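These numbers come from a predicted model, not from an experiment.
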Amino acid sequence: MPDDKPDRSEVTKFDTSKLKHVETTEKNVLPTKDVIKEEATESRAEVKTFDKSTLKHVQTEEKNPLPTPQNLRAEMMPDDKPDRSEVTKFDTSKLKHVETTEKNVLPTKDVIKEEATESRAEVKSFDKTKLKHVETEEKNPLPTPQTLKEEMRPETLPDVSEVASFDSSKLKHVKTQEKNVLPSKDVIKEESIESRAEVKSFDHSKLKHVETEEKNPLPTPQDLRAELQPDDKPDISEVAKFDQTKLKHVDTQEKNVLPTKEVIKEEIAGSRAEVKSFDHSKLKHVTTEEKNPLPTAETIKQENESK
């Protein structure tokens, strides 16, 4: 919002009856659908009747061709190159040795140890008397067994007075019969002996000889080799005639060099020093408890005997 608002008092006092009615006229009238249709028909007729023999052949000439990499490199070079003769003659012995200082130095082990000790000291020296006693209040306490029992009871209990006055002497004694009786050990033993006897007394002469036929046999190494061969083999006659004496000797340089024995030895010595300097007094004694112990030989023997 501007600091000084404009004066609008004259606008509110203006007499709108002094205004005259004006008819709006369009200076640039848009053509109608019929006009557009007629123009399209006329332009198509002109295109169809046009004599192509009157046209002349013209070679296209690029006025602003794209620059080549050489042109870009030449444009980027300055007109007057700086004189570098003094750089080659510069005496590097005049330079002074400067020690590099890290602005954001990472804390050392000793600094981290001191900070950890200080934080522990603050925890140990904390005054617990400043703390207030607060009673824990459960917002949604779980229902007790008595509450659940009361909720499960119906609102109107059924009339059980007849059950109490029922004469149980009128009931008849009934023996329970098991419909699906499990077989005993003796029955199982007899069935296993009978099944073995049937197997032993089986007449093998009744069996017919059957030849096994593979529907989808696996391909042999020869088939795989033939499938891997291309349909049109390349011409290798030039390779056989190649003169190996034209080749130059090249020394292979390893970009990712493996660590030497000395480096590995130093790393091992460093790790051993940390292990040796470890304080064993900080360790706590823990008793190992087997959740699923394996059965002993006696247990397995007893189970086999019971079977």
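- Atom CD of Glu122 sits about 11.0 Å away from atom CZ of Phe126, to the nearest 0.5 Å.
- Here the straight-line distance linking atom CZ of Arg73 with atom CE of Met76 works out to 9.0 Å at 0.5 Å rounding.
- Using a 3.5 Å distance cut-off with no hydrogens or angles, the side chains of Asp186 and Ser184 do not pair a donor with an acceptor.
- Separating the CG atom in Asp243 from the NZ atom in Lys241 is a distance of 13.5 Å, to the nearest 0.5 Å.
- Grouped by direct or indirect side-chain proximity (heavy atoms under 4.5 Å, Ile/Leu/Val/Met/Phe/Trp/Tyr only), Phe50 sits with Leu55.
- Checked against side chain to side chain donor-acceptor pair (under 3.5 Å), Glu211 has the following partners two or more places apart in sequence or in another chain: His209.
- Counted by atom type alone, Thr54 and Asp51 present zero donor-acceptor pairs between their side chains at under 3.5 Å.
- The distance from the CD atom of Gln229 to the CG atom of Leu224 is 12.0 Å, given to the nearest 0.5 Å.
- With rounding to the nearest 0.5 Å, the separation of CD in Glu114 from OG1 in Thr108 is 7.5 Å.
- Distance check, rounded to the nearest 0.5 Å: CZ of Arg153 to CG of Leu148 gives 14.0 Å.
- More than 12 heavy atoms of other residues, nucleotides or ligands shown are found within 6.0 angstrom of CG on Leu95.
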Discussion item. Between Asp251 and His249, is the side-chain contact (heavy atoms from CB on, under 4.5 Å) condition met? List the steps.
Written reply: CA-CA 7 Å; Asp251 288 323; His249 179 68; 3.2 Å; yes
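- Counting heavy atoms of neighbouring residues, nucleotides and ligands inside a 6.0 Å radius, atom CD of Glu162 does not exceed 12 of them.
- Scanning for side chain to side chain donor-acceptor pair (under 3.5 Å) contacts around Asp159 gives Ser161, with sequence neighbours left out.
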